[in-house]
2 protein chains.
Amino acid sequence: MGLRERKKEKTRLAILDAALDLFLEQGYETTTVEQIAGSVEISARTFFRYFTSKEHVVLWFHDHSEEVVTEALQRRPEDEPPFQSLLHALRVMLSEFNDATPEETERFLKMQRLIENNPALAGKSVARGVETERRMAVEVARRQGLDPAVHQLPHLVVAYAMATVRVGFECPRPKVTGMGEMFERVDAALMLAERSFRPGWDLAG
Amino acid sequence: MGLRERKKEKTRLAILDAALDLFLEQGYETTTVEQIAGSVEISARTFFRYFTSKEHVVLWFHDHSEEVVTEALQRRPEDEPPFQSLLHALRVMLSEFNDATPEETERFLKMQRLIENNPALAGKSVARGVETERRMAVEVARRQGLDPAVHQLPHLVVAYAMATVRVGFECPRPKVTGMGEMFERVDAALMLAERSFRPGWDLAG
DNA sequence: AAATTTATGGCACAGCATGACAGATGACAA
DNA sequence: TTGTCATCTGTCATGCTGTGCCATAAATTT
């Protein structure tokens, strides 16, 4: 990895940390991009070369999560019931979070806290999650040999799986102190889901 | 109803129709608020007194839907299994759409077509739907005597119900010609949901 | 060291959204 | 009808987000 890329990565993280701290201190909407840029000594124009928008900073973790979860899904055997594959993939994503460095963990918790306390951001976060959902639905449909434009089942299966983790993340309103606590919550939601469905409900035909 | 209110309603609908047609003709993002305002002879400032934002025009139907569905939920007996109550309420909402005037139907289909062909709008629509979801989750939690801040089940039940109709609406990608066709799709999704869960999965304890 | 690719900053600009104020218009009572 | 009051509307000013463009600076390659 060259100097250039290392430098870019450093700037990206500097922006990220500065922005998150500013958001938490004085609120998301009242913090301007210019302020963020100023606090890391770059121009506002450059900010938008690292993050496509102001909200992209807060939803940044989605990018990584989507990558991890889709890869994990790909690794599951094709003949496994799709909902089970999805739950597996989602658990892989969660465990990846657990392996994160302290800095990464801190960032994630800050984003989570921001989203929790800001309905507008919560909405954006869900919308971003649904993007991932659509992509996974295509993959699940392919595995089942169904046309996603005609059959609703694949999309429905993915939607339920994603809704489960979303609820798991959202639900513990009162103070999310640490990563472990949060994962217990999400895992509780996943287990709740596991015993809620009829066997074979997610299979075509 | 006085002249004043009638006039307001007329303006609101004029804005709505003009905006939807412009969006469909030249695209959502390329249409400016000023253009919309101009085509109904009002100032841009006034536009924002009728709709809180440009996207509010496209997501307008959500306001009515939320009202209908929450009222319908309230009418269900408190001891009914919550998921069943939700499906009932959602079906009431759908049937209300069926009773709509031709103009209302046309507007709704336009909005639907816009959302279908614009990922950004689709995201906003989902975000709006989740707002409704949260409110209903509070009500369902109350009915079950659970604290929504602690227990995930109520939120999960509502999330699944809402995800079902969302998938029902989204799924028929290729040409949504009429209202009836759309409702068949959504109803198909609801029936799919009905036979996917274990009996009693949505009950506390 | 020169040539090439890529990142950055500054500038201009369009568009969305909001606050403030003054004038127009409907509501209502005398 | 007229006058008063509440409400709606347009105009103006303003702040902020996000993008295109171009010149400059930095890193990479040869």
Side-chain angles (χ1 to χ4, degrees), chain A residues 1-16 18-20 22-23 25-60 62-63 114-115 118-121 123-125 127-128 131, chain B residues 1-16 18-20 22-23 25-60 63 114-115 118-121 123-125 127-128:
Chain A
M1 204 199 274
L3 167 61
R4 201 163 223 157
E5 282 185 72
R6 261 181 294 132
K7 211 170 172 181
K8 270 188 86 170
E9 206 51 28
K10 211 176 122 188
T11 323
R12 165 166 284 115
L13 293 179
I15 297 174
L16 199 53
L20 291 178
L22 283 171
F23 292 158
E25 277 172 37
Q26 24 167 312
Y28 174 76
E29 9 266 343
T30 55
T31 305
T32 71
V33 169
E34 209 160 346
Q35 241 181 321
I36 302 167
S39 83
V40 283
E41 321 255 82
I42 60 168
S43 73
R45 187 68 187 82
T46 299
F47 172 92
F48 287 108
R49 291 197 178 99
Y50 282 90
F51 296 94
T52 60
S53 64
K54 198 173 126 181
E55 77 198 39
H56 187 201
V57 174
V58 184
L59 307 181
W60 194 58
H62 275 289
D63 293 356
L114 277 169
I115 293 173
N118 188 320
L121 285 178
K124 305 275 191 182
S125 179
R128 178 65 182 81
E131 265 181 59
Chain B
M1 203 199 278
L3 167 61
R4 200 161 220 158
E5 278 188 73
R6 262 181 293 132
K7 210 171 174 182
K8 270 188 87 171
E9 205 52 26
K10 210 176 123 190
T11 323
R12 166 167 282 117
L13 293 179
I15 297 175
L16 197 54
L20 292 178
L22 283 172
F23 291 159
E25 276 173 38
Q26 23 167 315
Y28 174 77
E29 8 267 343
T30 56
T31 304
T32 71
V33 170
E34 208 159 346
Q35 240 180 321
I36 302 168
S39 84
V40 283
E41 322 257 80
I42 59 166
S43 73
R45 188 66 186 84
T46 298
F47 171 92
F48 287 107
R49 292 196 177 100
Y50 281 90
F51 295 93
T52 59
S53 66
K54 197 173 127 181
E55 76 199 38
H56 187 203
V57 173
V58 184
L59 307 181
W60 194 57
D63 294 356
L114 278 168
I115 292 174
N118 188 320
L121 285 177
K124 305 277 191 183
S125 180
R128 178 63 183 82

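Every value quoted in this text rests on a predicted model; they were computed, and no experiment measured them.
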I'd like a table of atom pairs between the protein and nucleotides 4-6 of chain C - only N or O on both sides, under 3.5 Å - with the distance next to each one.
{"from": "dT6(C)", "atom 1": "O2", "to": "R4(A)", "atom 2": "NH2", "distance (Å)": "2.9"}

Legend entry - Residue mapping more 5' on DNA chain D - nearest nucleotide basis, R45(A) or T30(A): T30(A)

Would you say [X] and [Y] make side-chain contact, with heavy atoms under 4.5 Å?
X: H56(A); Y: Y50(A); answer: no
X: V40(A); Y: T11(A); answer: no
X: T31(B); Y: E25(B); answer: no
X: I115(A); Y: K124(A); answer: no
X: V33(B); Y: F48(B); answer: yes

Without decimals, in angstroms, what is the distance between [X] [atom1] and [N] [atom2]?
X: K10(A); N: dA27(D); atom1: NZ; atom2: P; result: 12 Å
X: F51(B); N: dT18(C); atom1: CZ; atom2: P; result: 15 Å
X: F48(A); N: dG18(D); atom1: CZ; atom2: P; result: 5 Å
X: R12(A); N: dA7(C); atom1: CZ; atom2: P; result: 11 Å
X: E34(A); N: dT19(D); atom1: CD; atom2: P; result: 16 Å
X: L3(B); N: dT25(C); atom1: CG; atom2: P; result: 12 Å
X: K54(B); N: dA17(C); atom1: NZ; atom2: P; result: 8 Å

Inset, instruction - Identify whether any heavy atom of T11(B) sits under 4.0 Å from a base atom; if not, whether one sits that close to sugar-phosphate; answer base, sugar-phosphate or nothing. - result: nothing

Inset, instruction - Classify the nucleic acid contact of E41(A) as base, sugar-phosphate or nothing, counting any heavy atom under 4.0 Å across all strands shown. - result: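 Sugar-phosphate contact only - E41(A) comes under 4.0 Å of backbone atoms but never of a base.
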
Legend entry - Donor/acceptor link under 3.5 angstrom from R6(B) side chain onto base of dG26(C): no

Inset, instruction - Look at the side chain of R49(A) against the base of dG18(D) and say whether a donor-acceptor pair falls under 3.5 Å; ignore hydrogens and angles. - result: no

Inset, instruction - Check whether any side-chain N or O of T46(A) sits under 4.0 Å from OP1 or OP2 of dG9(C), and answer yes or no. - result: yes

Inset, instruction - Using heavy atoms to find the nearest nucleotide of DNA chain C for E55(B) and E5(B) separately, return the residue whose nucleotide is more 5′. - result: E55(B)

Inset, instruction - Step through the shown structure and confirm whether more than 12 heavy atoms of other residues, nucleotides or ligands are within 6.0 Å of CD on E34(B). - result: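 Counting other residues, nucleotides and ligands, CD of E34(B) stays at 12 neighbours or fewer.
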
Legend entry - Residue Y50(B), side-chain heavy atoms: nucleotide from dG10(C), dC16(C), dT9(D) that is nearest: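 Out of dG10(C), dC16(C), dT9(D), the nucleotide with an atom closest to Y50(B)'s side chain is dT9(D).
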
Legend entry - Inter-residue atom distance K54(B).NZ - Y28(B).OH, 0.5 Å rounding: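 Rounded to the nearest 0.5 Å, the NZ-OH separation comes out at 5.0 Å.
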
